[in-house]
J.: 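I'd like to ask you about the structure that follows.
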Amino acid sequence: MNPAIKPIVTRFPPSPTGYLHIGGARTALFNWLYARKTKGRFVLRIEDTDAARSTSQSVDAILESLTWLGIDWDEGPYFQTQRYSIYNDYIEKLVESGHAYHCACTPEEVDRMREEAKAKGQKPMYNGKCRNLNLTGGDHTVVRLKTPDTGVTVVEDIVKGPTAFQNSEIDDFIIRRGDGSAMYNLAVVIDDITMGINTIIRGDDHLINTPKQMLIYAALGADMPVFGHVPMVLGSDKARLSKRHGAMSVGEYKKMGFLPDAMINYLVRLGWSHGDQEFFERDDLIQKFDLEHLGRSASMFDTDKLMALNAKHIQKKTPEELAGPLVFHLKELGIDAKNDAFTQGVVQTLQPRSKTLVEMAQGAAFYYHEEVEWDPAAADKFLTPDVLSVLELSAERIEALDPYTQEALEAAFTLILEETGLKFGKIAQPLRVAVTGTTVSPGIFEMLLALGKEKTLKRIKKAVRFIQDKA
RNA sequence: GGUCCCAUCGUCUAGUGGUUAGGACGCUGGCCUCUCACGCCGGUAACACGGGUUCGAAUCCCGUUGGGAUCACCA
């Protein structure tokens, strides 16, 4: 198949009944990647025909999450609620061609049929009562597809392999409700046909719908798309991912300080592989993604691994790229920061030691505070009379530094060490506590540099006074 | 229950008849070191079970077991 002649067209069709969750994001990602890789098109379609559960807030949230992940669409979003007349045209066609028929049976009647069938140990199916009655429709009449009684429908699934379903297992399912609205299986097929979708990658909870949908394609004489059903993402107890497994919406992961690139990297590896490679950047992924290496078995979501990947992506990014998102997370901590040279300097010191942006923001807080806030225990242990003179000397030497660079700082302390005969370990912790307030921080020199001369001096001097007062 | 799908370290996976079964996360020993990290070196740990096919099976077939999905005038 020459892609120049027949471009790949994929789609993502979320139901706006909640936020974009992890599993949905992964499905969207697979479709998007495949479209991008093949230079095809990616269509976004909102399946909002369930009026009771669909909300516009959900639509907004889903669009926002996709945008955050960097998954962009070439067409849409289309809304199924705006396409009812299209579905009806096709349903009429199906009735006229004899592939579908009106059915006047009430839901109660159908329930009874199912009960009776069950009682006889048979499958609970519609018994085809109206099948050959040639009803012409009317109030509360539904339309059913006339499905074959014999033979098999084989889904040539590109991830599961060929999967056969006995047509006798498929009953004459409803394609249009009594109120005139189209049912899911019909709407999906008509949408996919009219939108030119030729590659459908979706969760394997849809695998059982597929033969029904294929029957509609066949009845319409339409080209069959390529199907690929990827396994579900499970929670840590191997049950389908749900709220009780913790965060499941993409938005929550943004709040927790994950990078979109890390999310994408993690999600794609959940069910797809490229040999031993674990770390992928966007462009690399678009280039390497394929359908051949999609996995067939379900996988569990593992936050630890996401975390590790996030740390790697944080390390790979430039301070410029990270400063913006960091500002957002600093704001969450009540810190007003800007994406400027100062923040970028801060980022640089924290990059190798932050697994998330939240962690980075917490580690960065001390840089922004007007006054140092010492951890009592740390101050008690390290801001002691025996380091008073070194701290004073440090302040003196730092004050004289011009220019204030990391090299100059290192040189100044090398000299102090020589003069005093102290080991660096002796003065590093007191200095760290004096300036940051805690015993944990980035390396002394890079940290003093990022903090700036003025704040550094102010804090060391404050520590000196603190020790003097204590004495 | 019927139908369908799935099965390699705890987790994500590589593997497509012949490998000391590889990598990553986690856990862990060590190195590095101004703290915490990063990084580097090493360790731990898997082919669910039973039958076949084959000179030879993680790889192919069947069964068992165990998971999952689905059985609507929801999507």
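Owing to the predicted nature of the structure, the values given are computational and were not obtained by experimental measurement. Chain naming here is simple, since letters A, B, ... match the order of the sequence lines and numbering starts at 1 in each.
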J.: Using atom types as modelled, flag every donor-acceptor pair under 3.5 Å from a side chain in residues 430-443 of chain A to any protein atom, sequence neighbours excluded.
T.:
{"residue": "R432(A)", "atom": "NE", "partner": "S441(A)", "partner atom": "OG", "Å": "2.8"}
{"residue": "R432(A)", "atom": "NH1", "partner": "Q429(A)", "partner atom": "OE1", "Å": "2.6"}
{"residue": "R432(A)", "atom": "NH2", "partner": "P442(A)", "partner atom": "O", "Å": "3.3"}
{"residue": "T436(A)", "atom": "OG1", "partner": "R432(A)", "partner atom": "O", "Å": "2.8"}
{"residue": "T436(A)", "atom": "OG1", "partner": "T438(A)", "partner atom": "N", "Å": "3.1"}
{"residue": "T436(A)", "atom": "OG1", "partner": "T438(A)", "partner atom": "O", "Å": "3.0"}
{"residue": "T438(A)", "atom": "OG1", "partner": "V440(A)", "partner atom": "N", "Å": "3.3"}
{"residue": "T438(A)", "atom": "OG1", "partner": "V440(A)", "partner atom": "O", "Å": "2.9"}

J.: Rounded to whole angstrom, note down the C1' distance from U19(B) over to A14(B).
T.: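 It comes out at 12 Å once rounded to the nearest Å.
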J.: Do nucleotides 2-9 of chain B as a string where each nucleotide becomes B, S or -: B if the base has a protein heavy atom under 4.0 Å, S if just the sugar-phosphate does, - if no protein is that close.
T.: BBSSSS--
J.: Would you tell me whether Y101(A) and D172(A) have side-chain atoms, one donor and one acceptor, within less than 3.5 Å of each other?
T.: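 Note: Y101(A) and D172(A) side chains meet the donor-acceptor criterion.
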J.: Does the ring center of Y253(A) lie less than 6.0 Å from the ring center of Y19(A)?
T.: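 Y253(A) vs Y19(A): aromatic centres not under 6.0 Å.
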J.: What integer number of Å spans the C1' atoms of U13(B) and C36(B)?
T.: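 Taking atom C1' in both U13(B) and C36(B), they lie 31 Å apart.
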J.: Who pairs with D48(A) by side-chain contact (heavy atoms from CB on, under 4.5 Å), at least two apart in sequence or on another chain?
T.: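 side-chain contact (heavy atoms from CB on, under 4.5 Å) list for D48(A), sorted by chain: P16(A), I46(A), S54(A), F79(A), Q80(A), T81(A).
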J.: Check ring pair (Phe, Tyr, Trp, His ring centres under 6.0 Å) between W374(A) and all other residues, then give those that pass, not counting sequence neighbours.
T.: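 Checked W374(A) against ring pair (Phe, Tyr, Trp, His ring centres under 6.0 Å); matches are F466(A).
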J.: Touch check for T17(A), heavy atoms < 4.0 angstrom, all strands: base, sugar-phosphate only, or nothing?
T.: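 Result for T17(A) = nothing.
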J.: Which salt bridge (Lys or Arg N to Asp or Glu O under 4.0 Å) pairs, counting each pair once, include a residue from residues 297-308 of chain A, with sequence neighbours left out?
T.: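 Listed once each, the pairs are E278(A)-K305(A).
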J.: What does the B/S/- profile of nucleotides 30-35 of chain B look like, 5' to 3', with a 4.0 Å heavy-atom cutoff to protein?
T.: ----BB
J.: Hey, does Q351(A) reach any base, or is it just sugar-phosphate, or nothing, if we go heavy atoms under 4.0 Å?
T.: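 Since no nucleic acid heavy atom lies under 4.0 Å of Q351(A), the category is nothing.
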J.: Work out how far the C1' atom of C12(B) is from that of U54(B), and round it to whole angstrom.
T.: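 Those two atoms are separated by 33 Å.
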J.: Under the rule for ring pair (Phe, Tyr, Trp, His ring centres under 6.0 Å), what residues qualify as partners of H313(A), not counting sequence neighbours?
T.: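 Counting only residues at least two positions away or on another chain, H313(A) forms a ring pair (Phe, Tyr, Trp, His ring centres under 6.0 Å) with F279(A).
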J.: Partner lookup for A37(B), please. Criteria are Watson-Crick or G-U wobble with both distances under 3.5 angstrom; report none if nothing qualifies.
T.: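 Checking every strand shown, A37(B) finds no partner, since no pair has both distances under 3.5 Å.
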J.: Looking at residues at least two apart in the chain, or sitting in another chain, which of them share a ring pair (Phe, Tyr, Trp, His ring centres under 6.0 Å) with Y404(A)?
T.: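 Y404(A) satisfies ring pair (Phe, Tyr, Trp, His ring centres under 6.0 Å) with no other residue.
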J.: Who pairs with V268(A) by side-chain contact (heavy atoms from CB on, under 4.5 Å), at least two apart in sequence or on another chain?
T.: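 Partners of V268(A) under the side-chain contact (heavy atoms from CB on, under 4.5 Å) test: L29(A), F30(A), L33(A), W272(A), L285(A), F289(A).
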J.: Residues in side-chain contact (heavy atoms from CB on, under 4.5 Å) with T27(A), at least two apart?
T.: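 For T27(A) the side-chain contact (heavy atoms from CB on, under 4.5 Å) partners, ignoring immediate neighbours, are F12(A), N31(A).
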J.: Residues two or more places apart in sequence or in another chain: which of them pass side-chain contact (heavy atoms from CB on, under 4.5 Å) with E407(A)?
T.: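 With sequence neighbours excluded, E407(A) shows a side-chain contact (heavy atoms from CB on, under 4.5 Å) to T405(A), given in chain and number order.
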J.: Each nucleotide in nucleotides 20-28 of chain B should get exactly one letter: B, S or -. Can you fill that in based on protein heavy atoms under 4.0 Å?
T.: --BBBS---
J.: Taking only the C1' atom of each, what is the distance from U44(B) to A24(B) in whole angstrom?
T.: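 Going atom to atom, C1' in each nucleotide, I get 15 Å.
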J.: With rounding to whole Å, what would you report as the distance between C47(B) and G10(B) at their P atoms?
T.: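 It works out to 8 Å between them.
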J.: Just N and O in the side chain of S299(A): are any of them under 4.0 Å from OP1 or OP2 of U13(B)?
T.: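 Yes.
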J.: Could you check if the base of C38(B) is syn or anti? Syn means the glycosidic torsion is within 90 degrees of 0.
T.: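 Base orientation relative to the sugar is syn.
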J.: Under 3.5 Å, is there an N or O donor on one side and an acceptor on the other linking the side chain of N185(A) and the base of A75(B)?
T.: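 A donor-acceptor contact between them is absent.
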J.: Over all strands shown, is G271(A) touching base, sugar-phosphate only, or nothing at heavy-atom distances under 4.0 angstrom?
T.: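 Touches sugar-phosphate only.
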J.: Could you tell me the Watson-Crick or G-U partner of U3(B), where both distances fall under 3.5 Å? Say none if there is no partner.
T.: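 Partner of U3(B): A69(B).
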